[in-house]
Amino acid sequence: MRRERLGFGFALAVLSLWCTMEVAVEAAWSLQTPVKLVWHYYKVHNTCDYAEAYIRHQVESFYKYDKTIAPKLLRLLYADCFVTGCDASVLLDGPNSEKTAPQNRGLAGFAFIDKIKTVLEARCPGVVSCADILNLATRDAVHLAGAPSYPVYTGRRDGMTSTKDSVDLPSPSISWEASLAYFRSRGLDVLDMTTLLGAHSMGRTHCSFIVDRLYNFNDTGKPDPSMKASLLEEMRKLCPPKTKKGQPDPLIFLNPASGSKYSFTNSYYSRVLTNEAVLGVDQQLLYNEDTKQITEEFAAGFEDFRRSFALSMSRMGNINVLTGKEGEIRKNCRFPNKK
């Protein structure tokens, strides 16, 4: 069935972003229902009129000195929303919190969120949730890196528990079938998946997440045959085989094309098409008709990718949110409030 993703003035009709890309797949064009969040929640309820401006100012100040905050916050938001929902549970400290899960090794950006929370507590104490701060700060950071300034509906409340056992983030070496099943379990679709994986246009990952592709793909004792020879050679220089316990685990760029620029581009999709994706799950986009077509669309048109990214990020930020009397508004993003 052919479906055009033509527009996404969300259910509340407070903006009109129009998209001209055409994709021959079933794809949602609005937020998941029911929509429990509100456009400019803190201004509508007159509780902290300038909350979003305060957050944006802090992001702009930090970004001038550290452009890595864009990919760091993107990963942090993904790690939050895809586990128990967008409830800032990933920010909670504790010996068995989500932070301690193996999949969350290397998560960063916590101190930055703490700084924003401190500013907001000084201006509007007990009002703005850590979950909203994380969503808004991520939007503003990736916008500075080149992404669109997509709409973030607000009114989230914060979760009160965080356990590493709840973290079921999949391996970056899974098949496209397993990846799509995981995204669908969160209420997202194939276009969301292909779009959100494009966040790998920025940032770094540890060699341990790709070493199987380099030396022992699917327990064959050989490298992933889909990997371009020049990329394999480059990655092997950066990531030697693991031969002993305690061996260093270097960081490598997810997208060598943008590297240390940390810029949001569509070069990720071009690299997928030429078998130069660093992560196995990214290269898998070539092996499904729908994901391959979307990848080709985005590689050919940066604006198509940007517009789809705007909607898919908004949809991700809508996963299992807490509102109303659910959860709480934490005073400190690292700890639940004392009763």
| said: Quick one, Arg334 with Asp114, criterion salt bridge (Lys or Arg N to Asp or Glu O under 4.0 Å). Give me CA distance, side-chain angles, the key distance, then yes/no. | reply: CA-CA 8 Å; Arg334 291 177 181 264; Asp114 291 341; 2.5 Å; yes

| said: Working note: Leu144 + Val59, criterion side chain to side chain contact (heavy atoms under 4.5 Å, CB included); need CA distance, chi angles, decisive distance, verdict. | reply: CA-CA 9 Å; Leu144 291 171; Val59 172; 4.0 Å; yes

| request: Show your working on ring pair (Phe, Tyr, Trp, His ring centres under 6.0 Å) between Phe183 and Phe82 and close with a plain yes or no. | output: CA-CA 8 Å; Phe183 272 75; Phe82 271 77; 5.0 Å; yes

| request: Determine, stepwise, if the pair Asn275 / Met227 fulfils side chain to side chain contact (heavy atoms under 4.5 Å, CB included). | output: CA-CA 5 Å; Asn275 292 294; Met227 207 172 197; over 6 Å; no

| request: Assess whether salt bridge (Lys or Arg N to Asp or Glu O under 4.0 Å) is satisfied between Glu52 and Arg139, documenting all intermediate values. | output: CA-CA 11 Å; Glu52 295 188 27; Arg139 185 270 309 275; 3.8 Å; yes

| said: Let's go through Asp87 and Asn320 carefully: what are the C-alpha distance in whole Å and the side-chain angles of both, what is the deciding distance for side chain to side chain contact (heavy atoms under 4.5 Å, CB included) to 0.1 Å, and is it a yes or a no? | reply: CA-CA 8 Å; Asp87 62 354; Asn320 294 336; over 6 Å; no

| Steps toward ring pair (Phe, Tyr, Trp, His ring centres under 6.0 Å) verdict (Trp39, Tyr153) | CA-CA 5 Å; Trp39 181 246; Tyr153 281 63; 5.5 Å; yes

| request: Please lay out, stage by stage, how Ser308 and Leu191 fare under the test side chain to side chain contact (heavy atoms under 4.5 Å, CB included). | output: CA-CA 8 Å; Ser308 189; Leu191 185 50; 3.9 Å; yes

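The side-chain heavy atoms of Thr291 and Leu180, taken from C-beta on, include no pair separated by under 4.5 Å. Counting only heavy atoms from C-beta outward, the side chains of Arg204 and Pro71 never approach each other to under 4.5 Å. Using a 4.5 Å heavy-atom cutoff, the side chains of Arg271 and Pro256 are in contact. In this structure, Thr100 and Pro95 have side chains that are not in contact, with every pair of non-hydrogen atoms separated by 4.5 Å or more. Inter-residue side-chain proximity for Gln283 and Val272 is flagged as met; some heavy-atom pair is nearer than 4.5 Å. Between Pro223 and Phe217, every side-chain heavy-atom pair lies at or beyond the 4.5 Å cut-off.
No salt bridge links Glu121 with Arg330; every basic N to acidic carboxylate O contact stays at or beyond 4.0 Å. Under 4.0 Å is where a charged nitrogen must lie from a carboxylate oxygen, and between Glu60 and Lys64 no such pair does. A salt bridge is defined here as a Lys NZ or Arg NE, NH1 or NH2 lying under 4.0 Å from an Asp or Glu carboxylate O, and Lys222 with Asp212 fails to meet this definition. Ion pairing of Lys99 with Asp93 is present here, as a side-chain N (NZ or NE/NH1/NH2) and a carboxylate O approach within less than 4.0 Å. Under a 4.0 Å N-O distance rule, the pair Arg306/Glu303 qualifies as a salt bridge.
Figure legend: Arg123 and Tyr50 shown without cation-pi pairing, the cationic atom not lying both under 6.0 angstrom from the six-membered ring centre and within 45 degrees of its axis.
Defined by atom type and a distance below 3.5 Å, a donor-acceptor pair is missing between the side-chain atoms of Thr265 and Ser258. Between the side chains of Tyr42 and Asp49, no donor-acceptor pair is found at a separation under 3.5 Å. One side chain, Glu98 or Ser89, offers a donor N or O that lies under 3.5 Å from an acceptor on the other. Side chains of Asp132 and Tyr41: a donor-acceptor N/O pair is absent below 3.5 angstrom, by distance only. Judged by distance alone, the side chains of Asp249 and Ser208 do bring a donor and an acceptor atom under 3.5 Å apart. Between the side chains of Thr84 and Ser166, no donor-acceptor pair is found at a separation under 3.5 Å. A donor-acceptor contact closer than 3.5 angstrom links the side chains of Ser226 and Asp224.
Note on ring orientation: taking the six-membered ring where Trp is involved, the planes of Phe309 and Phe305 are perpendicular (angle over 60°, cut-offs 30° and 60°).
Paired with Asp192 under the rule side chain to side chain contact (heavy atoms under 4.5 Å, CB included), one option of Met316, Met313, Arg315 passes, and it is Arg315. For the side chain to side chain contact (heavy atoms under 4.5 Å, CB included) test with Ile133, the passing option among Thr154, Asp158, Val128 is Val128; the others fail. Residue Glu326 is tested with Lys36, Arg156, Arg157 for a salt bridge (Lys or Arg N to Asp or Glu O under 4.0 Å); the sole match is Lys36. Among Ser201, Ser263, Ser267, the one residue that satisfies the side-chain hydrogen bond (donor to acceptor under 3.5 Å, both in side chains) test with Asn255 is Ser267.
Legend: disulfide bond (SG atoms under 2.5 Å apart) pairs involving residues 132-198, not counting sequence neighbours: none detected.
In terms of the ring-ring contact (aromatic ring centres under 6.0 Å, His included) criterion, residue partners of Phe112 (sequence neighbours excluded) are, by chain and number, Phe62.
Taken to the nearest 0.5 Å, the CG atom of Leu77 stands 4.5 Å off from the OG1 atom of Thr138. Taking CG of Asn135 as the start and CG of Asp80 as the end, the distance is 7.5 Å to the nearest 0.5 Å. Atom CG of Asn337 and atom CG of Asn332 lie 9.0 Å apart (nearest 0.5 Å).
Other residues, nucleotides and ligands place more than 12 heavy atoms under 6.0 Å from the NE2 atom of His45.
Leu251 and Leu254 are not part of a single hydrophobic cluster, where members link through side-chain heavy atoms under 4.5 Å apart. Follow the hydrophobic side-chain contacts under 4.5 Å out from Leu92 and you never reach Ile116; the two are in separate clusters.
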